[in-house]
Student: 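Quick one: this structure, given as structure tokens, is what I'll be asking you about.
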Amino acid sequence: MMSLKAGKEALLRKHYTEAIAILTEYSQESTDLSSKDYIQAQIWLVSAYKKTGRADKAIAICEQLATTSDPQLQKWAQKSLITLQKALDAPTDDRIKRNEDVASVIKSDPRRYRKKDVTLSLPSRYTYFLIAAIVLTILAIIGLQFLIGYGISRIFTDFFSEAWLTTTAIITTIFSILLFFMSPWIIDITQKQYHRIQWITLADLDEKSPESVEIIENFCEKYNIFVPRLGWIEDDAPVAFTYGVISNSARIVVSRGLFECLDDDEIAAVYAYQLGRIRNKSFAVLTFVSAPVQVLYYIYVLLSRQSYRAKSAKQVWQVVATFANILYSLSNYLLVWLSHASTIVSDRFAAELTGNPNALARALPKMARQMLPYNQPAMPTNRLLESTRAIGICDRQTMTAIGLAMEIAHSGQTDQDPYRVFLWELFNPWRRWLEIHSTHPLVGKRMKFLAGYSKQLGLLTEYDFAELLKEEKKLNKKLLYRNFWRDLLIQVSPVVGVAIAIIAAMLLSQLFNRWLLLSLSMIGLGLGFMLQGSLRYPDFRKVADTDLVSLLIDPYASYVQGIPVQIPGELLGYGTDEFYIGYSMRLEDQGGLAFINYIPNFRQWIIDPSNTIKNLEILCDRSVIATGWFRRGKFPIIDLSTLQPIMEDRPKQRASLTSYHQFWNNIGSSILVLMGLSLLLLTSRLF
């Protein structure tokens, strides 16, 4: 027998067709038609039918409920009948009238178009941007190889003659051609070695997602290419990526986690996105560049393992591993612009191929929610997600806020609208800075395009996205940009300090002190960090009692300056994290999971951390109140000020934590200034 809980969960996920099926079966199998559970199922059925545009079905149920003996239920049913009758008698929406093929909209699902292979408009500049990105990315990788070749050649000769130039150019060209055709093979090896990729057939896929098979077959028939080689990886993380160098030998690889979190039409939309990359040829260049990038990542993984296993010289291995990780992180920037351009064009192609832009609009936030366990500070990085960032469907590093909001929406533990989380990615000026460091456009931006495609087809949008876009008119633009310029000043203050120091050193060049530039730069950098710290952490005179949902949906939230907040919740755990110094903690409030950055003082952190660990252990799994500064960055995080238990239920185990963000900032900046001043005084006398 279908459970009432399953029906409610389907309704909360907005899987209305699934909810109708579950609740209808539950109702048919119920023997007591007057029971509270049966009545509840009928009420949820009314809601599901109303959402799918089937007011007639909802009215029939309300008419039955209106005859019950419960006066409250009668009153609810009568009110619902009035609303439903108005919806049934309402004229056709003007938005739908503009669509010539309105008859093709499935009446039972106002978010799905009946036809596939539709035509959707996208400004031509995005196509030109894609072409330019392909050309520039190829030139960039070849140019980088030439510079590496030039550097190597300088080892063998002091004079770089025309002959050396020609030789280096020829070797670079040959190596680039070899790398281009070997890149799929390199990715094959890395994925098989680390993730045990398996190859499946269309028949295997048909058992899991029939619509995906239909999409792939229609695509291959239309464009006269071979069916891509289909890969499968047993991993809980939701991953889908494409690679290859020619269309007839492309590979499309997905993970088990993708199928666990998405429905059939959403999986088909993900496959259609991958086919879009094959169609626009960006997959070949992305493969060409990402193959050596993946190799760099797995070199970092091997070196990290060696640093843990080594019995001696652990620090040396860790330094080398860190250097490899830095090279890997920097190399991803070679892929950013091409991946951005390809994503926008491929999203449109997926919407056209499936005729279902809302499927991809649902898939992306669902994937963000599925990724959440792997996108938390102080938690191990999922290597499959990280190594396939550029060739995948999204960048896991910018999905945390969306994942948190989707988890909150799924649990239904808040009265606020968690879907307003997209407002920050749509309208906050700092979104562009975050996007520059992401291999893909932010989800909010992609959802905006997909909502536009839904509008072109006369469909309703997922997550009431059309209404969210109207919020722009209500936002205080002056406040948004005033905060942005303030934050930008905070962010660049160390750079400004160094720039002023360089100018001062040039003006004082007549002092003939060769250490002047270095000493003044240290002073300028220290003063810049000092100013940054004083502005980043404002005082607590305006501290606000809040919750995670309110912070996530705030479009004014700063990327740089912390907002003083106070959040009650339960401390779930702690650990160290590569992104933040100190300890990273996880706090669960009524709405969801908040991440907290805690830095002890010198004695508790460096000399004797045992007392800090003891306090953390005592506070774990207890109700606490966290006071700190919230920032909306790659990870929405709270820089902790104090953490105290709400109730002292264990008098002999009193524990509280005080964090020292401002202290460490002041100490570090003061040391820089003092070193600069000392160097200036010493060199002015001695040299």
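For the single chain, residues carry numbers from 1 onward in sequence order.
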Student: Side-chain contact test, heavy atoms from C-beta onward, threshold under 4.5 Å: evaluate it for Trp433 versus Leu488 and give yes or no.
Tutor: no
Student: Looking only at side chains, do Tyr374 and Thr381 share a donor and an acceptor under 3.5 Å apart?
Tutor: no
Student: Would you be so kind as to tabulate the donor-acceptor pairs closer than 3.5 Å made by side chains of residues 528-538, with sequence neighbours excluded?
Tutor:
{"from": "Gln532", "atom 1": "NE2", "to": "Ile490", "atom 2": "O", "distance (Å)": "3.0"}
{"from": "Gln532", "atom 1": "NE2", "to": "Gln491", "atom 2": "O", "distance (Å)": "3.4"}
{"from": "Ser534", "atom 1": "OG", "to": "Met530", "atom 2": "O", "distance (Å)": "3.4"}
{"from": "Ser534", "atom 1": "OG", "to": "Leu531", "atom 2": "O", "distance (Å)": "2.8"}
{"from": "Arg536", "atom 1": "NH1", "to": "Val560", "atom 2": "O", "distance (Å)": "3.3"}

Student: When you compare the side chain of Tyr126 with that of Leu130, does any pair of heavy atoms fall below 4.5 Å?
Tutor: no
Student: Is a side-chain donor or acceptor of Ser329 paired with a backbone partner of Asn325 at a separation under 3.5 angstrom?
Tutor: yes
Student: Under a plain distance cut-off of 3.5 Å, with no hydrogens placed, do Gln397 and Ser438 share a side-chain donor-acceptor pair?
Tutor: no
Student: Is it true that, when you exclude Lys445 itself, more than 12 heavy atoms of the residues, nucleotides or ligands shown sit nearer than 6.0 Å to its NZ?
Tutor: yes
Student: Has the side chain of Trp515 got a donor or acceptor atom that lies under 3.5 Å from a matching backbone atom of Leu679?
Tutor: no
Student: Sequence neighbours excluded, which residues qualify as side chain to side chain contact (heavy atoms under 4.5 Å, CB included) partners of Val496?
Tutor: Val492, Ile500
Student: Would you say the side-chain atoms of His661 pair up with the backbone N or O of Tyr598, donor to acceptor, closer than 3.5 Å?
Tutor: no
Student: Just checking, is any N or O donor in the side chain of Arg486 or Gln561 under 3.5 Å from an acceptor N or O on the other one?
Tutor: yes
Student: Can we say Glu425 and Arg431 salt-bridge, meaning some charged N sits less than 4.0 Å from an Asp/Glu carboxylate O?
Tutor: no
Student: Students often mix this up, so state it plainly: with edges at 30° and 60°, are the rings of Phe663 and Tyr660 parallel, tilted or perpendicular?
Tutor: perpendicular
Student: Among Asn428, Asn483, Asp487, find the one that has a side-chain hydrogen bond (donor to acceptor under 3.5 Å, both in side chains) with Ser558.
Tutor: Asp487
Student: Is the Tyr559 ring parallel, tilted or perpendicular to the Trp430 ring (thresholds 30°, 60°)?
Tutor: parallel
Student: For Trp317, does the CH2 atom sit with more than 12 other heavy atoms under 6.0 Å from it, leaving out its own atoms?
Tutor: no
Student: Please determine whether side chain to side chain contact (heavy atoms under 4.5 Å, CB included) holds for the pair Tyr328 and Glu386, giving the CA-CA distance in whole Å, both sets of side-chain angles, and the decisive distance to 0.1 Å.
Tutor: CA-CA 11 Å; Tyr328 160 72; Glu386 182 61 31; 2.7 Å; yes
Student: Once ring pair (Phe, Tyr, Trp, His ring centres under 6.0 Å) is applied, do any residues pair with Phe288, and if so which ones, sequence neighbours excluded?
Tutor: Phe180
Student: Please report the C-alpha distance between Tyr298 and Ser387 in whole Å, then the side-chain angles of each, then the deciding distance to 0.1 Å, and finally whether the side chain to side chain contact (heavy atoms under 4.5 Å, CB included) criterion is met.
Tutor: CA-CA 8 Å; Tyr298 286 111; Ser387 65; 3.0 Å; yes
Student: Measuring from atom CD1 of Ile596 to atom OG of Ser659, what distance do you get when rounded to the nearest 0.5 angstrom?
Tutor: 10.0 Å
Student: Would a 4.5 Å heavy-atom cut-off, applied to side chains only, mark Leu404 and Glu407 as touching?
Tutor: no
Student: Would you say that Ile436 contacts Val336 through its side chain, given a criterion of any heavy-atom pair below 4.5 Å between the two side chains?
Tutor: no
Student: State whether the side chain of Thr683 and the backbone N or O of Leu680 hold a donor-acceptor pair below 3.5 Å, judged by distance alone.
Tutor: yes
Student: Quick one: does Asp395's side chain have a donor or acceptor within less than 3.5 Å of a partner on Thr439's backbone?
Tutor: yes
Student: Output the distance between atom CE (Met585) and atom CG (Leu616), rounded to the nearest 0.5 Å.
Tutor: 6.0 Å
